[in-house]
Protein chains: 2
Amino acid sequence: MPYQDGTFGCPVDVGLQLINGKWKPKIIYELLQQTCRFGELHRRIPGVSRHVLTTQLRELEEGGIVQRNAFLTVPPKVEYSLTEFGQRLEPILEQIMKVGEHYISQQKQEAAADPPS
Amino acid sequence: MPYQDGTFGCPVDVGLQLINGKWKPKIIYELLQQTCRFGELHRRIPGVSRHVLTTQLRELEEGGIVQRNAFLTVPPKVEYSLTEFGQRLEPILEQIMKVGEHYISQQKQEAAADPPS
DNA sequence: CCGGATCCTTACTGATACTG
DNA sequence: CAGTATCAGTAAGGATCCGG
């Protein structure tokens with residue numbers, strides 16, 4: 001994430017890099033709720049393919065956000081959880097949720113003011 | 001953003017929809033600092049093409065986050081700013097920045113503990 | 001069950017040229 | 001100045017098949 005000279009860019013850019021990815025915030029959100037196995041995570045995030053889910057998890061792992069715990073059993077079992085650093089991302093998701101809530105209540109008001117024909 | 005039946009999904013999903021886009025959070029961040037003309041915004045966000053910047057701005061406009069103000073002058077002048085709702089996204093960016101800061105300080109510590117040869 | 005390998009389709013960039 | 005149009009090249013995501 002640092003430049004070649006070892007310096008860093010604007011903190012916002014660094015933070016954005018970490019969660020930059022179509023499904024990453026959603027993944028983080030689900031892992032904040034609970035540690036998840038791969039298949040469970042896949043079910044909880046409708047629309048994502050297994051392949052992409054894998055690659056995004058790998059990238060989150062590289063960023064030190066997600067921890068991968070593989071049990072060498074048959075059948076295999078892999079648990080994903082957040083690192084200590086990953087748990088620090090909770091406020092981001094919390095704020096996103098608040099905005100979502102506000103957007104919803106806003107839309108409901110407009111719907112009430114302009115009732116369907 | 002609502003389903004056909006008028007209901008909404010999980011607030012986090014709704015919030016993510018609004019800022020889902022490679023450059024949208026960065027655009028919002030820049031507009032939080034100041035109202036910007038198109039060219040200025042383009043300069044402040046290195047890496048984005050004019051075409052994509054335009055489309056992302058249009059989408060943010062549809063989401064009620066960004067306001068477009070065109071002056072019918074010669075030469076033309078277009079100012080982009082955040083709506084009242086858009087300004088409510090500030091806490092999201094604030095938290096992203098905090099995470100970025102923490103990540104940077106973390107990396108610096110590791111660099112100090114493991115000095116370059 | 002987890003996920004790598006492959007192929008394919010979009011999305012995005014960069015450059016350039018053109019319009020109001 | 002603020003876009004739109006086009007083209008070529010790259011990157012990101014999706015679909016499918018295969019293997020431990």
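Letters go in sequence order (proteins before strands), and every chain restarts at 1.
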(message) Rounded to the nearest 0.5 Å, what separates atom CD in Glu79(B) from atom CG in Leu41(B)?
(response) 11.5 Å
If the cut-off is 4.0 Å, is [X] near the phosphate of [N], judged by side-chain N/O to OP1 or OP2?
X	N	answer
Tyr80(A)	dG3(C)	yes
Arg58(A)	dC2(C)	no
Ser49(B)	dT13(C)	yes
Gln56(A)	dG13(D)	yes

(request) On DNA chain D, check which nucleotide each of Glu59(A) and Pro76(A) is closest to and give me the residue with the more 5' one. (result)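 The residue whose closest nucleotide sits nearer the 5' end is Glu59(A).
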(message) Taking any heavy-atom pair under 4.0 Å as a contact, classify Val52(A): base, sugar-phosphate, or nothing.
(response)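 Contact class for Val52(A): base.
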(message) Base, sugar-phosphate or nothing for Val48(B)? Non-hydrogen atoms, less than 4.0 Å.
(response)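 Touches sugar-phosphate only.
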So which atom in [X] and which in [Y] form the shortest heavy-atom distance, rounded to 0.1 Å?
X	Y	result
Leu18(B)	Leu60(B)	O-CD2, 3.9 Å
Thr35(B)	Tyr80(B)	CG2-O, 3.3 Å
Pro76(A)	Arg37(A)	O-NH2, 3.5 Å
Lys26(B)	Leu16(A)	N-CD1, 4.0 Å

What is the distance from [atom1] of [X] to [atom2] of [N], rounded to the nearest Å?
X	N	atom1	atom2	answer
Arg43(A)	dC1(C)	CZ	P	8 Å
Leu72(A)	dC2(C)	CG	C1'	12 Å
Leu53(B)	dT13(C)	CG	P	9 Å
Leu60(A)	dG3(C)	CG	P	14 Å
Phe71(B)	dG3(D)	CZ	P	13 Å
His42(B)	dA15(C)	NE2	P	10 Å

(request) Report the relative orientation of the aromatic rings in Phe85(B) and Tyr103(A); use parallel for angles under 30°, tilted for 30 to 60°, perpendicular for over 60°. (result)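 It falls in the tilted class, 30° to 60°.
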(message) Determine whether a donor-acceptor pair (N or O, by modelled atom type, separation under 3.5 Å) exists between the side chain of His42(B) and the backbone of Ser49(B).
(response) no
(message) Looking only at the side chain of Thr54(B) (C-beta and beyond, no hydrogens), which of the listed nucleotides dC1(D), dG20(D), dG3(D) gets closest?
(response) dG3(D)
(request) Go through residues 19-38 of chain B and report each residue with a non-hydrogen atom lying under 4.0 Å from DNA chain D, sorted by number. (result)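 Residues of residues 19-38 of chain B that come under 4.0 Å of DNA chain D are, in numerical order, Arg37(B), Phe38(B).
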(request) List in chain and number order the residues that pass side chain to side chain contact (heavy atoms under 4.5 Å, CB included) with Arg43(A), two or more places apart in sequence or in another chain; answer none if no residue qualifies. (result)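 Result, side chain to side chain contact (heavy atoms under 4.5 Å, CB included) vs Arg43(A): Glu40(A).
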(request) Check whether any side-chain heavy atom of Ile65(A) lies under 4.5 Å from a side-chain heavy atom of Leu89(A), and answer yes or no. (result)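 Yes, at least one pair of side-chain atoms sits under 4.5 Å.
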Show each protein N/O and nucleotides 5-9 of chain D N/O combination with a separation under 3.5 Å, one pair to a line.
none

